[in-house]
There are 2 protein chains.
Amino acid sequence: MLDVANAAGVSLKTVSRVINEEPGVTPAKVAQVEAAIAALGYERNDIAASLRSGAKSSTVGLVIEDVANPFYAVVAQAVEDVAREHASLLITTSAREDAERERQLVTALLRRRVDALLIVPAGPDHSYIAATGFAGNTVFLDRPPANTEADTVLVDNAVGAELAVAHLLRYGHQRIAIVGDAMSLYTAQERLIGYRHALAAGGAQVDEELISMGHGTLDSAREAVNELMALPLDRRPTAVFTANNRCTIGALHALEADRSHLALVGFDEFELADLLGVTVVRTDPYRMGQVAAELALGRTSSEGPHHARRVIVPVELVARGSGEIPAS
Amino acid sequence: MLDVANAAGVSLKTVSRVINEEPGVTPAKVAQVEAAIAALGYERNDIAASLRSGAKSSTVGLVIEDVANPFYAVVAQAVEDVAREHASLLITTSAREDAERERQLVTALLRRRVDALLIVPAGPDHSYIAATGFAGNTVFLDRPPANTEADTVLVDNAVGAELAVAHLLRYGHQRIAIVGDAMSLYTAQERLIGYRHALAAGGAQVDEELISMGHGTLDSAREAVNELMALPLDRRPTAVFTANNRCTIGALHALEADRSHLALVGFDEFELADLLGVTVVRTDPYRMGQVAAELALGRTSSEGPHHARRVIVPVELVARGSGEIPAS
DNA sequence: CTGTTAGCGCATTCAT
DNA sequence: ATGAATGCGCTAACAG
């Protein structure tokens with residue numbers, strides 16, 4: 001910037017004024033400065049500017065599990081859109097279900113003084129965030145934090161699972177399996193609770209043999225369904241509730257072309273679900289990311305303590321055929 | 001940091017030493033300082049640190065079209081992984097095929113002094129980047145830049161298209177349609193060139209009626225296929241080459257359950273392509289992002305001028321059935 | 001209207 | 001082994 005000032009024959013402050021479009025500069029000098037800027041290819045250092053002005057960093061930090069998972073990719077897109085409305089950029093990081101890594105990432109983001117921190121919590125403890133005094137603009141997504149109070153945006157896991165299982169019960173199924181993610185995950189727990197609750201409400205008995213949790217990957221879900229279908233006929237399920245998009249797709253791989261012998265309802269929408277005729281409980285990852293970002297960015301950091309809010313994003317069942325196969 | 005120094009009863013510089021793990025501090029003082037840090041919940045301001053040290057910002061900027069597109073989500077994941085190896089964070093931005101917006105985003109990233117800039121170029125001119133003197137660490141992905149020289153990583157578009165069309169020719173097809181993206185896009189142009197080239201090489205004639213470019217969205221691709229299939233029998237195509245993942249999925253929606261009357265090869269892999277038996281030309285978006293990030297981060301910024309490199313990531317055809325339907 | 005001084009939070013350089 | 005002074009690039013608060 002000093003170079004620009006010298007080249008334009010004005011003071012450093014005048015350059016600053018031109019760049020920030022502050023009033024009170026002669027058009028002639030504005031032109032000189034702009035010419036110098038163009039000649040030198042100068043770009044203001046926003047980092048130095050925000051350091052001095054003490055203003056916001058205009059940066060949002062997002063910690064998700066994996067950008068390549070379509071569910072989180074949509075969340076990231078939503079957050080980026082909201083950030084853009086607030087003239088902010090988004091730093092996206094992937095924790096890969098690793099608590100230690102999550103902590104490193106959060107620390108790195110705090111060290112960069114992000115204005116808002118959005119986290120899909122993976123660790124068993126998040127009190128370290130509150131310890132930094134930053135808790136005000138932290139919002140948790142998809143899962144509630146552990147050992148700390150903060151705004152949280154969730155999908156209606158239990159109700160979604162109940163919708164799915166009740167739907168299958170309505171078609172006469174009594175032996176309904178669940179293929180879900182690791183029980184250490186909040187969403188997996190909640191969906192299993194919903195599953196049990198719906199079975200109880202429908203007067204069906206829970207058979208532990210039909211509960212296959214602990215598999216998050218596509219391959220393990222495929223295996224789980226294969227094992228279920230290999231059971232003797234009287235113990236075999238007639239329907240399955242796949243508790244997330246990975247599980248649903250894994251199950252479809254197990255069943256391949258012949259899906260008529262096992263009714264299926266999946267949790268989470270996925271691309272081509274319509275074409276494949278897969279009945280799902282649709283969640284709204286875009287809305288979740290949007291709400292979370294607005295909560296975090298909408299709050300002025302000086303508001304002081306507040307009680308943590310919890311937003312539950314609704315779900316809906318979309319019938320497409322795979323969930324409407326009657327029990328044999 | 002001053003607060004910490006006061007709380008610990010030492011000078012500011014000593015705190016700095018402890019934080020940066022510099023040698024030459026009494027263990028006793030280290031303990032005092034660490035206690036003060038814990039008590040105050042202090043986190044170093046990395047922004048101020050990098051400003052003073054003049055070192056790298058440890059930030060990578062990525063400009064893609066849309067994080068929610070699985071293709072770009074994988075690119076983003078790859079770039080994030082490489083950035084992590086270099087102890088850097090990734091700022092992801094979406095230009096949405098808008099040249100003006102792309103320029104805004106690039107400027108915003110340069111103003112933050114990112115160490116490396118990775119761009120899927122959307123605009124008609126990118127000389128403005130070179131004008132900032134930053135060109136050294138800029139790498140373009142998926143499409144070459146306009147009016148400027150810089151490292152570029154591309155997939156083998158023309159060869160991929162040729163593979164697809166040659167495959168269909170081998171099964172006896174003569175009337176092969178192409179459903180592709182807007183002709184303003186480099187990838188669309190290249191794939192159309194490959195299409196024409198393969199037809200010429202195979203002795204088939206090009207029928208302009210079977211060329212349907214200008215549609216990037218899923219819905220427009222579906223429409224395009226519907227129109228092709230509504231042609232009189234003698235003018236109707238017996239095969240189609242869908243030139244990107246959106247087009248392929250749109251085409252599948254048009255065909256629905258009955259895909260036996262139109263052979264199909266798609267450009268780009270997509271989830272469930274295996275299950276649906278869709279033959280595709282597989283590209284490697286992860287590798288593309290990885291190579292681009294390594295090119296950008298591997299270069300020390302002081303290396304001075306260099307000749308722009310161009311890396312072409314290979315493609316391969318994966319036969320799954322939809323492309324092996326013989327011509328009737 | 002314009003320029004000068006001071007300082008954001010930290011690391012560098014040089015004293016002590 | 002520790003600390004004081006100086007400055008990174010910029011803007012806020014004052015001068016002129």
Side-chain angles (χ1 to χ4, degrees), chain A residues 1-34 36-37 40-59 87 107-115 132-134 301-302, chain B residues 1-34 36-37 40-59 107-115 132-134 301:
Chain A
M1 181 149 144
L2 194 58
D3 295 336
V4 175
N6 290 336
V10 298
S11 86
L12 198 150
K13 179 62 203 176
T14 301
V15 177
S16 173
R17 279 197 241 272
V18 172
I19 286 173
N20 296 320
E21 299 181 356
E22 289 172 25
V25 183
T26 309
K29 297 224 167 192
V30 172
Q32 288 173 45
V33 172
E34 284 176 345
I37 289 175
L40 296 173
Y42 171 81
E43 291 288 354
R44 179 178 77 174
N45 186 331
D46 274 357
I47 287 176
S50 84
L51 176 63
R52 171 59 193 140
S53 70
K56 308 172 296 117
S57 64
S58 294
T59 309
T107 301
L109 291 169
L110 290 176
R111 284 208 211 297
R112 300 208 181 199
R113 300 296 187 265
V114 293
D115 297 332
T132 65
F134 185 79
S301 54
S302 54
Chain B
M1 180 148 145
L2 195 57
D3 296 335
V4 175
N6 290 337
V10 297
S11 86
L12 196 148
K13 179 60 206 175
T14 301
V15 177
S16 173
R17 279 197 241 272
V18 172
I19 286 173
N20 296 320
E21 298 181 357
E22 290 173 24
V25 184
T26 309
K29 297 224 166 191
V30 172
Q32 287 174 44
V33 171
E34 283 176 345
I37 289 175
L40 296 174
Y42 170 82
E43 292 287 354
R44 180 179 79 175
N45 187 331
D46 274 357
I47 288 176
S50 84
L51 175 62
R52 172 59 196 150
S53 72
K56 308 172 295 116
S57 64
S58 292
T59 308
T107 301
L109 291 169
L110 290 176
R111 284 205 208 302
R112 297 201 184 208
R113 300 297 186 265
V114 292
D115 297 331
T132 64
F134 185 79
S301 54

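Protein chains get the first letters and strands the later ones, always in sequence-line order, with residue 1 at the start of each.
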In whole angstrom, give the distance that lies between atom [atom1] of [X] and atom [atom2] of [N].
X        : N       : atom1 : atom2 : value
Leu2(A)  : dG7(D)  : CG    : C1'   : 13 Å
Asn6(B)  : dG3(D)  : CG    : C1'   : 14 Å
Asn45(A) : dG7(D)  : CG    : C1'   : 14 Å
Gln32(A) : dG3(C)  : CD    : P     : 10 Å
Arg52(B) : dC8(D)  : CZ    : P     : 7 Å
Arg44(B) : dC8(C)  : CZ    : P     : 19 Å
Glu22(B) : dA11(C) : CD    : P     : 8 Å
Glu43(A) : dG9(D)  : CD    : C1'   : 15 Å

OP1 or OP2 of [N] under 4.0 Å from side-chain N/O of [X]:
X        : N       : answer
Asn20(B) : dA11(C) : yes
Arg17(A) : dT11(D) : no
Ser16(A) : dT11(D) : yes
Thr14(B) : dG3(D)  : yes
Tyr42(A) : dC10(D) : yes
Ser53(A) : dA12(D) : no

Heavy-atom pair of closest approach, residues [X] and [Y]:
X         : Y        : value
Ala48(A)  : Leu51(B) : CB-CD1, 3.9 Å
Met1(B)   : Leu12(B) : CE-O, 3.4 Å
Val10(A)  : Val33(A) : CG2-CG2, 3.9 Å
Arg113(A) : Glu43(B) : NH2-O, 2.7 Å

Rounded to the nearest 0.5 Å, how far apart are CZ of Arg44(B) and CG of Leu110(A)? 13.5 Å
Out of [options], which nucleotide sits closest to the side chain of [X]?
X         : options                  : answer
Ala48(A)  : dT11(D), dA11(C), dG9(D) : dG9(D)
Thr26(B)  : dG7(C), dT2(D), dA13(D)  : dT2(D)
Lys13(A)  : dT4(C), dT2(C), dC10(C)  : dT4(C)
Lys29(B)  : dT6(D), dT2(D), dA6(C)   : dT2(D)
Leu51(A)  : dG9(D), dC10(D), dC1(C)  : dG9(D)
Arg113(A) : dT11(D), dC10(C), dT2(C) : dC10(C)

Using a heavy-atom cut-off of 4.0 Å across all strands, would you classify [X] as base, sugar-phosphate, or nothing?
X        : result
Leu12(A) : base
Gly24(A) : base
Asp46(A) : nothing
Met1(B)  : sugar-phosphate

When you measure from the side chain of Thr26(A) to the backbone of Ala28(A), do you find a donor-acceptor pair of N or O atoms at a distance under 3.5 Å? no
